[in-house]
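To start, the structure under review is shown below, and the notes come after it.
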Amino acid sequence: MSISIASSGEATVEQAVQDLFGAFSSVSIEMLVYFASTRFDPEEISARMHAAFPGAAVFGCSTAGEIVSGSLLKGSVVAMAFDRESMLDVKVDVVTNLKRKINLSESFRSFEQHFGEAANEMKPSQYLGIILIDGMCGVEEKVMDAIGDKTNVIFIGGSAADDLRFRKTHVYANGRSYSDAAVLALLKPAATFDLVKTQSVREMGAELVVTKANEGKREIIEFNNKPASIAYAEALGVPVHELAACFPSHPLGLVIDGEPYIRSPTHISGDSVLFQCSSVKGMPLSLLELTNLIDDTRDALERSKARLGGISGVIVFNCAHRALELEYKKLTRAYGELFADVPTIGFNSYGEQCIGHMNQTATMIVFR
Amino acid sequence: MPGKIKLMIEKILSERSKGNELVEKIIRTKLILKGIDPARYTESSDDDPVIIGKLEKMMQDLPR
């Protein structure tokens, strides 16, 4: 049983795919996941990856930086291959036109047909879902909500990115590149697995309750019956004109059983505050401050390792906010080293998913 | 009929989790992410049609 990884920083798609093909030449691949910089033409990389690994379920997405055991990369492609002993079965489907209407019925019908089991009867200990979704579609929370209605299986993943250009992101499957779409993969791994959600924040003790919001726009109009920007600034103890500068270090979080589901603010519009994840009227959001990202991530990995008794592979969906924080604090190398001893791939994302959609978080699949 | 929301939440939790505590915790998290905190609803809570609509959608996918 094996999980193998490879990466390439070759100049062309053809050379990069050839690199990966060579690295995996001895593996009988059941499933291959890859994450690639938008430096590589989206249509071409998806077509060539599909052609290079016939018979395998091949899927991936575009990034804002890639992660491979020991290093954080830029302008590369990273891949993880699962042989038939490590991945018992997998079914991949693509949901398109997300901004128009979110309809997952066909995808879940295809999962049920493939595995011969009703989606709402599948056990989350046996099945695992991966979601890779257009990071510019703005509807990740709605897709996760719809998935959650269909099944108890946990879907985990990240929002595709485009090297911080914020123009167009891509998800890859079936040898094609898609935008305004999500790749859903339902997996039946051979070994046990653990899902990690880690974020480096703590509550500051102030709570802002959403009293008026425009969910579709991810806009909060009022907190505590006051204009949102004024209430947020008051809670932080800063003048409103300094609020936006505090956003990266003081996001808000919906705290459930002590676990924050972070909502990162992006900008102020009038008196409203816009976020990268919507919040619902009545939702209590806690004011947060940053903690030590390296220590917290190391602890999360150690706890997962202790739960599983060993790790054979990790897929990381790491928020691009976190990557920028690591760069600013000159901790990029230290972060990469956290994954040095384990076969790991991942990417810097425009949003993270695990049960729901969130920001400023790393979600991880850890395989025993 | 006040209290309908609490009844609907209880039905969803029991039929989807089938007694599995981990699954029940996952479903509670999903409900809170939808803006429905199970702990806030009692037998006398008002029947908010928006919340009932969200729960009805969730009930469509319950195991049969």
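- Most heavy-atom pairs under 4.5 Å with chain B, from the set Lys123(A), Glu259(A), Lys150(A): that is Lys150(A).
- Atoms CD and NZ, from Glu121(A) and Lys18(B) in turn, are 3.5 Å apart once rounded to the nearest 0.5 Å.
- Under a 3.5 Å cut-off, the side chain of Asn152(A) and the backbone N or O of Arg16(B) do form a donor-acceptor pair.
- Heavy-atom minimum distance, Lys34(B) versus Asp145(A): NZ-OD1, 2.7 Å.
- Interface residue Thr151(A): only backbone heavy atoms are found under 4.5 Å from chain B.
- Leu22(B) contributes atom CG, which lies 6.5 Å from atom CD1 of Ile154(A) (distance to the nearest 0.5 angstrom).
- The greatest number of non-hydrogen atom pairs below 4.5 Å with chain A, out of Ile27(B), Ile12(B), Thr29(B), is found for Thr29(B).
- The two atoms that bring Pro124(A) and Val23(B) nearest to each other are CG-CG2, 3.8 Å, heavy atoms only.
- For the pairing with Asp149(A), the side-chain contact (heavy atoms from CB on, under 4.5 Å) check across Lys54(B), Lys30(B), Met58(B) returns one residue only, Met58(B).
- Counting heavy-atom neighbours within 6.0 Å of Asp46(B) CG, excluding the residue itself, gives a total of 12 or less.
- The two residues Leu33(B) and Ile355(A) make their nearest non-hydrogen contact at CD1-CG2, 4.2 Å.
- Using a 4.5 Å cut-off between heavy atoms, Arg40(B) touches chain A through its side chain atoms alone.
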